[in-house]
There are 2 protein chains.
Amino acid sequence: MKTARATRSNNARELILDAAIRVVDKDGAGHLTIDAVATEVGRSKGGVLYHFPNKRALLNGMLARMIERELTALDTAPGNTPLGRHLHSTGNLRRDDKAASLALLAAAAEDPEMLGVMRDAYQQLFLQARADCKHPAEVNTILLAAEGLRLLSVLGVLPLSETEQRAVHKHLAARAEQL
Amino acid sequence: MKTARATRSNNARELILDAAIRVVDKDGAGHLTIDAVATEVGRSKGGVLYHFPNKRALLNGMLARMIERELTALDTAPGNTPLGRHLHSTGNLRRDDKAASLALLAAAAEDPEMLGVMRDAYQQLFLQARADCKHPAEVNTILLAAEGLRLLSVLGVLPLSETEQRAVHKHLAARAEQL
DNA sequence: GTCTATATCAAGATAGAC
DNA sequence: GTCTATCTTGATATAGAC
């Protein structure tokens, strides 16, 4: 388990991962290549391959960082329940989060099996959110709506304005409070 | 606007599109190649390229058929409101639907811009569902939850059993009724 | 740690026979 | 309509210099 501070010593890795996300964002998951990442980060292909020996390692790095970031966001978010904290941390749908979620699409494109770690993360999230509550279907609904919001947004097909997105999110938070 | 019956005359096209979906399902959107589709459908690369002159055409065909199928499912589903019909048609999350949704991931991988038609389709769905209702945030929540369910399932990271999925869906339908 | 080759292979697409 | 070449490009990965 790496801390945010530890990443400073692995600066090159972080820069490469950032560049990889930008490539996916701009060109689509299918165009995530070592070449493209190298160009984006202003290095050579060999330089990138030193830090990530192959493409799978790069994808795994992207996934791992995405999960790590979401977990720390979850831990530091204000709120009394796991569900409330999760809504709060996904609520400020920062550009960061949207971009990081692209790692999911990239991994799905490369090798769906790689998403095992993501499945585990979701499993944990859903279990924790339902743990202290007697309305599992309602909790599931709230979590799924939040994920639907995120994924449609990442795919670029969400037909809601910023204002509407905030309204939905407020609505979800309010529902979560009532449990 | 093609009818389901019209597809019988384009049988080769349909078979190729089916094969393409299977390839994405098995190997991931990033491994959707003309070669792989040709092998899957039991034809040669040239044979596939006769029906779809290039890869974009194939992706567009996949997207178009997915949208067409969802629209007909929506039209023929029982229910009094667009939202109710939509929930009903997505409720029986048939293997067909899950597979067809993979077209979305494939297109996102190849060229995110291609998803414009999907954005329009979602726009229409959301607008119609909210048209006859005074609680837009609630309608949005229900739609987003249904989409979250579908997309997490397609990505293979949904941490809900079949039973739980049905429970969530029943819950959504019940909420939709109360509007 | 980072770079420049370079080997190897996969994939999109064309041309033309059948 | 379908097939078999074939061309060409792009991408992974390696080896070794700096």
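Lettering of chains follows the sequences in order, A, B, ..., and the numbering in each one begins at 1. None of these values were measured; they are calculated from a predicted model.
A 6.0 Å sphere centred on CG of A:N80 holds no more than 12 heavy atoms belonging to other residues, nucleotides or ligands.
Side-chain atoms of A:T90 and A:R150 include no donor-acceptor pair closer than 3.5 Å.
The interatomic distance linking B:D27 (CG) with C:dA11 (P) rounds to 10 Å, in whole Å. Residue A:E110 contributes atom CD, which lies 8 Å from atom P of D:dT12 at whole-angstrom precision. Nucleotide D:dA11 holds its P atom 14 Å from the CG atom of A:L58, rounded to whole Å. Note: CZ (B:F52) to C1' (C:dA13) measures 16 Å, nearest angstrom. Rounded to an integer number of Å, the gap from B:N54 CG to C:dT14 C1' is 12 Å. The nearest whole Å value for the distance from the CZ atom in A:R13 to the P atom in C:dT2 is 13 Å.
With distances taken from any side-chain atom of A:K55 to the nucleotides C:dA13, C:dT2, D:dA13, the minimum falls on D:dA13. With distances taken from any side-chain atom of A:K45 to the nucleotides C:dT2, D:dT12, C:dG12, the minimum falls on D:dT12. Checked against C:dA13, C:dT2, D:dT12, the side chain of A:D35 finds its nearest nucleotide in D:dT12.
Counting heavy atoms from C-beta outward, B:M62 and B:L32 have side chains that approach closer than 4.5 Å.
A salt bridge links A:E138 with B:R175: the closest approach of a Lys/Arg side-chain nitrogen to an acidic carboxylate oxygen falls below 4.0 angstrom. A salt bridge is absent between A:R13 and A:D18; no separation between the charged side-chain nitrogens and carboxylate oxygens falls under 4.0 Å.
Both A:P53 and A:T33 lie close to DNA chain D; mapped to their nearest nucleotides by heavy-atom distance, the more 5′-ward contact belongs to A:T33. Each of B:G46 and A:H31 was assigned the nucleotide of DNA chain D with the nearest heavy atom; the assignment lying further toward the 5' end belongs to B:G46.
Among the protein residues, B:L49 comes within range of the nucleic acid bases, having at least one heavy atom under 4.0 Å from a base atom.
OP1 or OP2 of C:dT2 lies within a sub-4.0 Å distance of a side-chain N or O belonging to A:H51. OP1 and OP2 of C:dT2 both lie 4.0 Å or more from every side-chain N or O belonging to A:Y50.
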